Undergrad: 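Got a structure here, written out as structure tokens. Questions coming.
Not measured: the values here are computed from a predicted model. Below, chains carry the letters A, B, ... as their sequence lines are ordered, and counting in each starts from 1.
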Amino acid sequence: DTEVTQTPKHLVMGMTNKKSLKCEQHMGHRAMYWYKQKAKKPPELMFVYSYEKLSINESVPSRFSPECPNSSLLNLHLHALQPEDSALYLCASSQDPYGSSTNEKLFFGSGTQLSVL
Amino acid sequence: AQSVTQLDSHVSVSEGTPVLLRCNYSSSYSPSLFWYVQHPNKGLQLLLKYTSAATLVKGINGFEAEFKKSETSFHLTKPSAHMSDAAEYFCVVTGPNFGNEKLTFGTGTRLTIIP
């Protein structure tokens, strides 16, 4: 299994809603990532989890709350989002968060297209 | 510190003709370089990766890229374009410590294939 699976594929939510995005991988990878991608732009890193601990937070607003319950699962909890948060949210994983770039690469999921009304 | 510049935001080629997507990089380290492809409303798929083993890197779907240190370039090529190659392509650079450094993405090149 070489897939990163994200659910849901599409999500529409109001600014007062609470929702969660889910990401799962069964490749034994110990680093997992959340990226945000606006239309016609490159992905922007939001969070990195290394061995289930948050290792990088790119100054993301607190209305985005990541969670890593176990080594295979990564969630992104959403609350009180703004319309400008509408974007494609991509999850990715890599084998070893402390590995050399020689051996590492990111595996991406297909993303959740989020619309905030 | 590192950066990557994709020289063309949009490239159009006819089906069956060669593809050239240009990427220049800047890095304080010996870099690792990647090309990723993204089809509409999809995630990113790795096309190929350079990590100093060989300067000419072959990837999936007939793509290849050549690392030229003297020109700080890592251009992506394909001899004959196919309709299914229409997508967004990202050149990416990282330093030696993959997990502890951000990948630096280029701004992307949209490839259009003319039938």
Side-chain angles (χ1 to χ4, degrees), chain A residues 2-7 9-10 21 23 25 29-51 53-59 87-115, chain B residues 2-6 8-10 21 23 25 27-54 57 59-60 67 74 87-112:
Chain A
T2 58
E3 280 193 353
V4 176
T5 304
Q6 289 188 244
T7 54
K9 292 193 183 305
H10 301 275
L21 310 184
C23 173
Q25 57 86 15
H29 288 177
R30 303 314 299 270
M32 296 186 76
Y33 309 74
W34 281 115
Y35 281 84
K36 173 183 178 180
Q37 187 179 24
K38 302 285 277 184
K40 302 186 189 303
K41 298 289 187 183
E44 299 174 359
L45 184 65
M46 300 175 72
F47 303 104
V48 181
Y49 271 83
S50 301
Y51 291 94
K53 294 192 186 314
L54 184 65
S55 59
I56 296 177
N57 177 341
E58 289 292 309
S59 303
L88 181 68
Y89 288 84
L90 294 164
C91 175
S93 69
S94 64
Q95 185 170 4
D96 181 355
Y98 305 110
S100 161
S101 295
T102 301
N103 300 318
E104 290 297 311
K105 59 186 177 182
L106 281 184
F107 291 80
F108 282 88
S110 295
T112 295
Q113 187 66 54
L114 173 67
S115 297
Chain B
Q2 59 215 16
S3 66
V4 62
T5 301
Q6 292 184 243
D8 306 292
S9 60
H10 191 195
L21 304 183
C23 172
Y25 72 91
S27 177
S28 305
Y29 311 104
S30 179
S32 289
L33 291 155
F34 308 76
W35 276 99
Y36 279 87
V37 61
Q38 186 176 32
H39 288 91
N41 299 315
K42 298 291 187 184
L44 283 77
Q45 181 184 19
L46 181 67
L47 277 178
L48 50 80
K49 174 182 176 182
Y50 165 78
T51 56
S52 78
V57 183
I60 62 172
F67 175 76
F74 189 59
E88 190 85 17
Y89 291 79
F90 292 99
C91 183
V92 182
V93 65
T94 188
N97 301 310
F98 187 93
N100 289 330
E101 296 187 27
K102 290 189 298 183
L103 297 186
T104 300
F105 284 78
T107 50
T109 297
R110 179 168 299 275
L111 177 63
T112 299

Undergrad: Take a 6.0 Å sphere around NZ of Lys38(A) and say whether it holds more than 12 heavy atoms from other residues, nucleotides or ligands.
TA: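 Correct, the count exceeds 12.
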Undergrad: Which atoms form the tightest heavy-atom contact between Phe90(B) and Pro42(A), and what is the distance?
TA: CE2-CA, 3.5 Å
Undergrad: Which atoms of Leu46(B) come close to chain A, meaning under 4.5 Å heavy atom to heavy atom: side chain ones, backbone ones, both, or neither?
TA: side chain
Undergrad: Not counting sequence neighbours, which residues clear salt bridge (charged side-chain N to carboxylate O under 4.0 Å, His left out) with Glu44(A)? List them please.
TA: none
Undergrad: Between Lys42(B) and Leu88(A), what is the shortest heavy-atom contact and its length?
TA: O-CD2, 4.0 Å
Undergrad: Tell me the closest heavy-atom pair linking Lys49(B) and Lys105(A), and the distance in Å.
TA: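 Taking Lys49(B) first and Lys105(A) second, the nearest heavy atoms are NZ-N, 4.1 Å.
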Undergrad: Kindly write out the residues that satisfy side chain to side chain donor-acceptor pair (under 3.5 Å) with Thr109(B), not counting sequence neighbours, or none if the list is empty.
TA: Gln6(B)
Undergrad: Can you confirm whether more than 12 heavy atoms, excluding those of His10(B), are under 6.0 Å from its NE2 atom?
TA: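 Atom NE2 in His10(B) is crowded, with more than 12 foreign heavy atoms closer than 6.0 Å.
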Undergrad: Could you tell me if the side chain of Leu103(B) sits less than 4.5 Å from the side chain of Tyr35(A), heavy atoms only?
TA: yes
Undergrad: Would you mind checking which part of Gln45(B) comes under 4.5 Å of any heavy atom in chain A, side chain (CB onward), backbone (N, CA, C, O), both or neither?
TA: neither
Undergrad: Please tell me if the side chains of Tyr36(B) and Leu106(A) come closer than 4.5 Å, counting only heavy atoms from C-beta onward.
TA: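 Touching, per the 4.5 Å side-chain cut-off.
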Undergrad: Which one wins on heavy-atom pair count under 4.5 Å against chain B: Lys41(A), Glu58(A), Gln6(A)?
TA: Glu58(A)
Undergrad: With a 4.5 angstrom heavy-atom cut-off, could you sort out which part of Gln95(A) is near chain B: side chain, backbone, both or neither?
TA: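 Neither part; nothing is under 4.5 Å.
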Undergrad: Considering only heavy atoms and a distance below 4.5 Å, find which of Ala39(A), Ser110(A), Gly111(A) pairs most often with chain B.
TA: Ser110(A)
